[in-house]
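Notes for the one structure printed next.
Letters A, B, ... are given to chains in the order of the sequence lines, protein chains preceding strands, and every chain is numbered from 1.
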There are 2 protein chains.
Amino acid sequence: MTLVNPNPILQSLIAEQLVSDPASARGRLLNEAARLFRDKGYERTTVRDLAAAVGIQSGSLFHHFRTKEEILKAVMVETIRLNTALMQAAADQFADGKEKLRALVRTELESINGQTGEAMAVLVYEWRSLSESSRAEVLELRDIYEDLWLSALRQLADAGQLGADPFITRRMLTGALSWTVTWYRPERGGLSLDGLTDQVMAMLGLA
Amino acid sequence: MTLVNPNPILQSLIAEQLVSDPASARGRLLNEAARLFRDKGYERTTVRDLAAAVGIQSGSLFHHFRTKEEILKAVMVETIRLNTALMQAAADQFADGKEKLRALVRTELESINGQTGEAMAVLVYEWRSLSESSRAEVLELRDIYEDLWLSALRQLADAGQLGADPFITRRMLTGALSWTVTWYRPERGGLSLDGLTDQVMAMLGLA
DNA sequence: CGATACCAAGCAAGCGCTTGGTTTGTAAAC
DNA sequence: GTTTACAAACCAAGCGCTTGCTTGGTATCG
């Protein structure tokens with residue numbers, strides 16, 4: 001009984017070997033690692049915790065990864081790759097600046113609070129635990145991601161629809177959106193992702 | 001040669017024993033601890049690091065604090081106490097909603113990026129490392145702080161000047177403002193704290 | 001057969017914290 | 001004005017435990 005993941009973007013990234021299949025041993029470990037890293041933090045999470053989460057011995061981890069840090073880096077790199085592709089697809093759907101921004105906000109909120117939310121939180125809050133060289137590698141990927149945002153925001157600014165500077169606005173949005181992971185609980189609150197997106201747009205005066 | 005700290009709010013808190021004097025042994029340790037916790041994270045910071053930062057042996061730390069976590073908690077509790085007092089004073093200066101909010105934004109940005117910045121960052125990003133009971137204690141203090149924000153934002157919402165819900169707006173601001181610590185570099189950029197405050201107000205459509 | 005995936009055991013290092021004892025500051029007793 | 005008393009502040013050493021990671025060997029499977 002094989003379940004095919006319905007997301008074509010994820011599928012093509014897996015085919016290109018840019019992202020691990022969540023059904024594979026490596027993929028399952030990375031998912032569990034992201035969850036543990038978010039819940040307890042990278043340092044508090046031991047290799048024994050990670051191994052137990054996928055039902056193997058701690059030593060067996062090092063058959064798949066050379067170091068614990070390599071696991072953190074893999075979580076981050078694969079998460080950026082996936083989300084850059086998702087954001088690209090979302091942005092390409094619209095030409096209008098306001099609609100484009102709305103799609104980006106909505107997609108990032110979905111990444112942060114949905115299935116890849118654990119990994120996104122790790123990406124935002126655990127970069128200090130990366131070594132210098134890994135950090136540089138991750139930052140390079142992040143720049144591509146950020147360019148998607150900046151071009152959309154610049155488009156709005158040129159049309160006179162943005163109150164503040166595009167760079168500043170993006171940085172404010174980065175903080176504001178990633179912070180939602182600490183308080184947004186769609187299952188309880190009643191506020192849907194679309195509703196939350198509306199609120200963000202309203203806050204920016206783009207309702 | 002005694003130097004008197006010019007901040008009267010800090011002085012009165014020290015007098016009431018709610019905050020440690022930064023010149024005292026305890027105060028100096030808490031300052032160093034905040035810096036180390038922010039730079040390396042709580043878990044990566046060892047008691048040996050903390051002791052070395054103030055020039056004593058690691059064991060001697062436990063003459064002042066019973067556990068390492070007690071140091072983290074003290075950093076957080078004293079930081080909230082100080083900043084609640086600072087925010088209260090800032091808010092009391094203005095009656096007009098927009099001016100009141102501007103004062104709050106400006107004061108919080110100053111806390112985050114100024115002298116107490118290390119401690120503020122710890123407050124935001126290291127709460128996971130607190131034990132359950134310490135967390136409850138810190139949250140209680142935080143609620144008082146948050147009420148200052150909410151009353152100002154409600155005032156604006158009642159006047160129809162706020163695009164989004166006050167609660168949501170505050171949460172977005174929490175994320176956005178605390179995130180500035182990762183990118184805002186006044187000494188290099190040229191953007192002053194007042195300028196940054198202007199940008200935040202402009203983003204909210206309250207320029 | 002050979003490669004891949006794993007287990008069982010444990011090592012060296014680093015961790016938070018404890019211990020017993022020494023120095024230092026202060027103030028009363030003589 | 002020296003002596004005695006005592007607590008606060010600190011040191012030197014190290015204990016018990018956990019950490020990331022290694023090692024040598026064993027299943028599993030194409």
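For the pair A:Ile56 CD1 and D:dT26 C1', the interatomic distance rounds to 16 Å; values are reported in whole Å. A:Leu50 has its CG atom 8 Å from the P atom of D:dG20, to the nearest Å. With rounding to whole Å, B:Phe62 atom CZ is found 21 Å from C:dG21 atom P.
Using a 4.0 Å cut-off, no side-chain N or O of B:His63 falls inside it from OP1 or OP2 of D:dC10. Contact annotation: A:His64 side-chain N/O to C:dT4 OP1/OP2 distance is not under 4.0 Å.
Enclosure of atom OH in B:Tyr145 by more than 12 non-hydrogen atoms of other residues, nucleotides or ligands within 6.0 angstrom is indicated.
Taking the six-membered ring for Trp and thresholds of 30 and 60 degrees, A:Tyr125 and B:Tyr125 have ring planes inclined between 30 and 60 degrees apart.
For the 3.5 Å distance criterion, the side chains of A:Thr197 and A:Asp194 fail to qualify, holding no donor opposite an acceptor.
Taking every heavy atom of both residues into account, A:Gln199 and B:Asp165 meet most closely at OE1-N, 2.9 Å.
Looking at B:Lys68, its side chain does come within 3.5 Å of a backbone N or O of B:Tyr42 through a donor-acceptor pair.
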Please list, for nucleotides 12-19 of chain D, all pairs of protein and nucleotide N/O atoms separated by less than 3.5 Å.
none

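Note that CG of A:Leu153 and OG1 of A:Thr169 are 6.0 Å apart. Values are rounded to the nearest 0.5 Å.
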